[in-house]
Amino acid sequence: MSSFSLSYLKQLESESIHILREVVAEFKNPVMLYSVGKDSSVMVRLAQKAFYPGKFPFPLMHIDTGYKFPEMYEFRDAFCAKIGAKLIVEKNEEWIAKGCHPLKTGVDKCCSLLKTGALLDALRKHGFDAALGGARREEEKSRAKERVFSLRDAFGQWDPKNQRPELWDIYNTRINEGETVRVFPLSNWTEQDIWEYIKLEQIPIVPIYFARKREVIISNGILIPVLSGAVDAHKKVKSVLCRFRSLGCMPCTGAIASVATTLDEIIGEVRSAKKSERENRVIDLTSDSSMEQKKKEGYF
Amino acid sequence: MPIADKSLLRFATTGSVDDGKSTLIGRLLYETKSIYDDQYAAIEKTSKRKGFKEVDLAYLLDGLAAEREQGITIDVAYRYFETPKRKFIITDTPGHVQYTRNMVTGASKADCAIILIDARNGVLTQSKRHGFIISLLQIPHLIVAVNKMDLVNYAEDVFFRIVREYENYSQKLDIHDIVFIPVSALKGDNVVEKSKKMSWYDGTTLLHCLENIHVAADRNLVDFRFPVQDVIRPHLDFRGFAGKIVSGTITPQEEVIILPSGKATTIKSITTYDGELTEAFASQSVVLTLSDEIDVSRGDMIVRKKNLPQIENNLEAIICWMDEQAMTINTPYIMKHTTKYTRASITKIVYKIDVDTLHRQPADTFLLNEIGRVEIRTSAPIFFDSYKINHATGSFILIDPLTNNTVAAGMIRDAVRHIEDYEVDKTFDGGKSKKSSNVIRRGLNIELEDREKQNGHKAFVLWFTGLSGSGKSTIAMELERRLLGRGCRIALLDGDNFRHGLCSDLGFSSTDRKENIRRAGEVAKIFFEHGSMVLCTFISPFAKDRYFVRSLFPQGRFAEIYMSCNLDECRKRDPNGLYKKAQSGLIKDFTGLSSPYETPATPELVIDTESCSVGECVDMIEKFIISKSIVPNKDISL
């Protein structure tokens with residue numbers, strides 16, 4: 001008799017597929033939020049698996065701030081065309097036109113307008129009742145408190161003190177008029193699981209995850225790419241071998257010094273990492289509970 | 001170890017407010033190097049600001065601003081770490097406020113639970129409540145970590161006093177695997193490193209224990225259940241049913257039945273993105289296609305023709321009430337059970353359980369966090385197994401149709417049996433296994449507990465498996481004499497004798513062997529229910545058949561004893577001259593020669609009958625029985 005047991009990666013995969021299928025079966029108009037990063041790539045593959053040999057069952061939606069890396073836009077368009085998914089791109093055009101920028105407007109405010117605001121507007125505009133996101137509990141302390149199916153009120157807000165109980169694999173997907181649900185099929189995955197899975201499944205990812213020489217300036221220990229336009233003119237530009245561990249907007253996403261040019265090297269690096277994954281994300285560093293605050297406002 | 005081979009363990013932690021739960025988790029994460037420098041720096045800062053000398057790892061866990069402000073844990077938090085052997089998912093459940101709601105949420109999927117007890121305070125009411133909920137949820141393994149041993153001078157008697165007190169309590173619960181470990185989370189004793197200060201403790205560390213808990217046997221691989229999630233229909237030539245196999249295994253060509261329609265067909269293929277499978281098993285998400293065009297939709301269940309769940313709309317269940325609004329009788333709530341929604345009303349409260357005393361009380365409502373037994377009527381029949389043998393098909397939630405809140409978690413015990421229900425003939429044709437569907441299964445007249453009290457020992461089944469000549473009968477007979485001397489009530493079911501009587505109509509094909517073992521299991525069950533120790537000696541060569549027998553008994557009440565003996569040695573012994581006959585061709589399908597023997601992968605006990613004497617073998621088994629508290633440990637040398 002075979003052992004009838006699944007490796008932990010396959011267990012995570014099966015759990016995520018179960019969640020994705022529940023969403024498609026029970027919501028009227030679900031959407032998958034697509035941020036172009038590695039977690040999104042994994043989430044897309046899981047959806048392909050969940051509905052195979054059927055078609056990709058929901059549109060992908062990218063909330064664009066206009067400040068993403070050029071490689072991300074290139075990758076996004078090619079990737080979505082290849083998998084045959086419908087791509088919706090939404091922006092807060094009004095505030096982008098007004099010149100909203102983290103350095104001028106402030107990081108928190110810029111995020112609130114260009115990401116949270118744009119997301120809530122887009123969900124309303126398209127009438128989406130469930131939005132799948134690639135957030136993981138391991139990433140950040142307030143995310144560690146999230147349910148898989150996270151209920152949001154009519155304003156997209158999260159009430160962490162009053163979450164629905166979530167039992168076994170039985171998800172309560174019922175919502176009242178105006179409410180929406182954020183669903184996190186990767187809740188139980190860690191950064192390392194994501195990379196192991198990308199390797200196992202040969203999932204395409206944006207090339208800036210790999211190390212190469214980049215022109216940066218070093219500010220408070222964070223490597224800021226010159227390309228970002230967020231560079232203080234008084235600081236010296238250096239050419240450093242580095243990569244991006246997680247992807248966000250250029251002005252707020254630092255690189256990390258790294259020699260990892262292959263998946264195996266990245267996995268090795270993640271395994272022995274001394275710092276957490278979002279160390280280079282300016283958005284998390286503004287206060288002790290900045291992520292919780294953003295989530296309460298409707299962020300992921 | 002290659003990463004892909006690592007196994008996964010989900011465990012829940014719980015304890016009272018100051019038992020040091022967060023510190024313990026912090027310690028596990030810290031010592032397995034799962035805390036990043038920047039996270040550590042942040043909690044170092046917080047600890048300093050609060051005026052602590054040592055870094056309090058507890059701050060790592062409080063994810064919400066309100067939790068950090070008030071120094072309490074509000075809701076379940078999830079943490080992840082790994083060792084070279086295993087990946088771990090921790091669900092950290094708060095022990096005080098709303099503990100039922102939180103514990104049930106956090107622990108419903110756990111393989112194992114850790115209860116923390118403060119060595120200075122001993123066993124508090126809280127620790128008992130937590131044990132009760134773990135028993136209700138049927139979490140297979142429990143570790144009681146007696147913490148803050150550093151504050152009681154690492155005293156042995158303090159630890160054992162707590163062990164005894166907790167064991168006294170847990171005997172009343174349905175928990176079968178308990179381990180007690182003395183630790184100091186703050187100082188790190190017996191968490192990851194073995195403590196030098198407690199040389200009197202000869203057990204393992206907490207991490208070692210977590211790494212070695214055997215979880216594979218906790219799954220139900222017998223009853224194939226496939227609740228349909230979605231229909232996949234990309235084009236006219238493909239119609240597949242997506243879902244997760246929640247228990248059992250399946251292969252193409254197997255005969256199945258679709259519930260509730262009762263239509264029969266066979267599995268055509270098991271389709272996945274990674275190719276078609278020749279076999280699939282519990283916890284895999286797959287797409288099944290069927291040989292016939294049958295109407296199947298979400299909420300239906302695909303099961304094996306000869307292994308059906310119960311199909312009823314009057315259920316008896318234990319529920320935990322989780323809503324601020326009290327439960328009301330006869331209100332039509334919405335039930336979600338597997339992938340199916342139905343209307344469900346609670347028609348009767350059988351009793352409410354006082355979680356502190358375990359006393360049963362009459363009640364007419366349940367308030368937030370209250371637990372009890374109820375009868376429920378659903379608008380359509382649901383397909384279920386009792387929660388005890390199948391968590392996935394035995395659990396449900398209730399939803400308030402007005403607020404859409406999840407108001408209760410339920411665990412099904414059985415169908416409600418009222419006389420009037422039997423007069424209506426169930427028209428459902430469930431195939432052969434329902435040959436006598438009008439026969440009523442009666443509950444036990446006298447509870448097992450009462451019989452055990454009278455006997456002075458627990459009911460238990462010892463299943464001896466091994467090749468012919470491996471010593472099963474010899475050792476079982478000696479053990480029987482020994483247990484009789486201890487005043488036990490015993491039944492010895494001998495495989496050979498069965499073949500002469502009850503099973504004289506059966507041969508030795510794998511189907512007949514399966515039936516032979518099934519009958520043996522059912523007979524053992526009757527003796528078990530009457531409080532006996534049942535010794536069964538059957539070659540039982542197939543793991544699946546042995547697994548079936550195991551599934552008939554509560555966890556912890558069945559032990560597989562593998563009589564390990566080399567084939568050559570068995571052949572030499574040949575007590576009944578059977579090997580000789582088989583070799584000369586007089587017996588076909590002889591286990592070990594012309595028919596396979598599947599060695600048990602995880603027996604409770606392996607007895608090496610080749611190198612041990614009969615007496616030594618019996619000693620070992622006797623010791624095992626005593627260690628499981630089946631019989632009281634008293635010397636009977638008169």
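We name chains A, B, ... by the order of the sequence lines, and we start the count at 1 in each one. Excluded from the calculations below are hydrogen atoms, water molecules and symmetry mates; all remaining heavy atoms, backbone and side chain alike, are included.
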Query - Largest heavy-atom contact set with chain A, pairs under 4.5 Å, which of B:Leu402, B:Ile399, B:Thr339 - result: B:Ile399
Query raised in the report: Which bit of B:Ile397 is near chain A, if near means a heavy-atom gap under 4.5 Å: side chain, backbone, both or neither?
Result: both
**Report entry** Pairwise distance CZ(A:Arg164) to CG(B:Asp323) - rounded to 0.5 angstrom
**Finding:** 10.5 Å
Query - Spatial distance of atom CD (A:Gln163) from atom CZ (B:Arg101) [nearest 0.5 Å] - result: 9.0 Å
Query raised in the report: Can you list the steps and then say if B:Leu137 with A:Trp168 is a side-chain contact (heavy atoms from CB on, under 4.5 Å)?
Result: CA-CA 10 Å; B:Leu137 288 169; A:Trp168 300 288; 3.9 Å; yes
Query raised in the report: So which part of B:Phe542 gets closer than 4.5 Å to some heavy atom of chain A, the side chain, the backbone, both or neither?
Result: neither
Requested in this report: Report, as yes or no, whether the 6.0 Å neighbourhood of atom NZ on A:Lys10 holds more than 12 heavy atoms from other residues, nucleotides or ligands.
Outcome: yes
Requested in this report: Would you give the length of the straight line joining atom CG of B:Asn404 to atom CD of A:Glu177, rounded to the nearest 0.5 angstrom?
Outcome: 11.5 Å
Report task. Check step by step if side-chain contact (heavy atoms from CB on, under 4.5 Å) holds for B:Phe281 and A:Leu6. Result -> CA-CA 9 Å; B:Phe281 51 88; A:Leu6 289 180; 3.8 Å; yes
Report task. Walk me through it: do A:Glu201 and B:Tyr273 pass the test side-chain hydrogen bond (donor to acceptor under 3.5 Å, both in side chains)? Result -> CA-CA 11 Å; A:Glu201 295 285 326; B:Tyr273 181 89; over 6 Å; no
Report summary line: Taking every heavy atom of A:Ile170 against every heavy atom of B:Phe396, the minimum-distance pair comes out as CD1-CA, 3.7 Å
Query raised in the report: Any sub-3.5 Å donor-acceptor pair from B:Gln229's side-chain atoms to A:Ala25's backbone N or O?
Result: no
Query - Side chain, backbone, both or neither of A:Glu26 within contact of chain B (heavy atoms, under 4.5 Å) - result: side chain
Requested in this report: Indicate yes or no: at least one non-hydrogen side-chain atom of A:Leu167 is less than 4.5 angstrom from one of B:Met322.
Outcome: yes
Report task. For side-chain hydrogen bond (donor to acceptor under 3.5 Å, both in side chains), just list the numbers for B:Tyr80 and A:Asn188, CA-CA rounded to whole Å, side-chain angles, deciding distance to a tenth of an Å, and then say yes or no. Result -> CA-CA 8 Å; B:Tyr80 304 82; A:Asn188 286 327; 2.5 Å; yes
**Report entry** A:Phe155 atom CZ, over 12 foreign heavy atoms within 6.0 Å
**Finding:** no
Query - Option in B:Arg233, B:His391, B:Arg298, B:Lys244 with maximal non-hydrogen atom pairs under 4.5 Å from chain A - result: B:Arg298
Query raised in the report: How many angstroms lie between atom CD1 of B:Ile232 and atom OH of A:Tyr52, to the nearest 0.5 angstrom?
Result: 11.5 Å
Report task. Name the region of B:Thr249, side chain, backbone, both or neither, that has any atom closer than 4.5 Å to a heavy atom of chain A. Result -> side chain
Query raised in the report: For B:Ala242, is it the side chain, the backbone, both, or neither that has a heavy atom closer than 4.5 Å to a heavy atom of chain A?
Result: both
Report summary line: Looking only at B:Ile89, B:Ile334, B:Val286, most heavy-atom pairs under 4.5 Å shared with chain A are made by B:Val286
**Report entry** B:Lys109/A:Glu15 ion pair, N-O < 4.0 Å
**Finding:** yes
Query - Which atoms of B:Ser283 approach chain A - backbone, side chain, both or neither, heavy atom under 4.5 Å - result: both
Query raised in the report: Okay, side chain of A:Ser14, backbone of B:Ser285: is any donor-acceptor separation there less than 3.5 Å?
Result: yes
Query raised in the report: Any side-chain heavy-atom pair from B:Lys87 and A:Leu9 closer than 4.5 angstrom?
Result: no
Query raised in the report: Under a 4.5 Å heavy-atom cut-off, does chain B meet the side chain of A:Ile175, its backbone, both or neither?
Result: backbone
Query raised in the report: Top residue by heavy-atom pair count (under 4.5 Å) with chain A, among B:Ala392, B:Ala282, B:Gly243?
Result: B:Gly243
Query raised in the report: Atom CG in B:Leu8, atom OG in A:Ser5: separation rounded to 0.5 Å?
Result: 11.5 Å
Query - Salt-bridge present (A:Glu22, B:Lys336; N to O < 4.0 Å) - result: yes
Query raised in the report: Non-hydrogen atoms of chain A under 4.5 Å away: do they reach the side chain of B:Tyr78, the backbone, both or neither?
Result: both
**Report entry** A:Arg21 and B:Val287, any side-chain heavy atoms less than 4.5 Å apart
**Finding:** yes
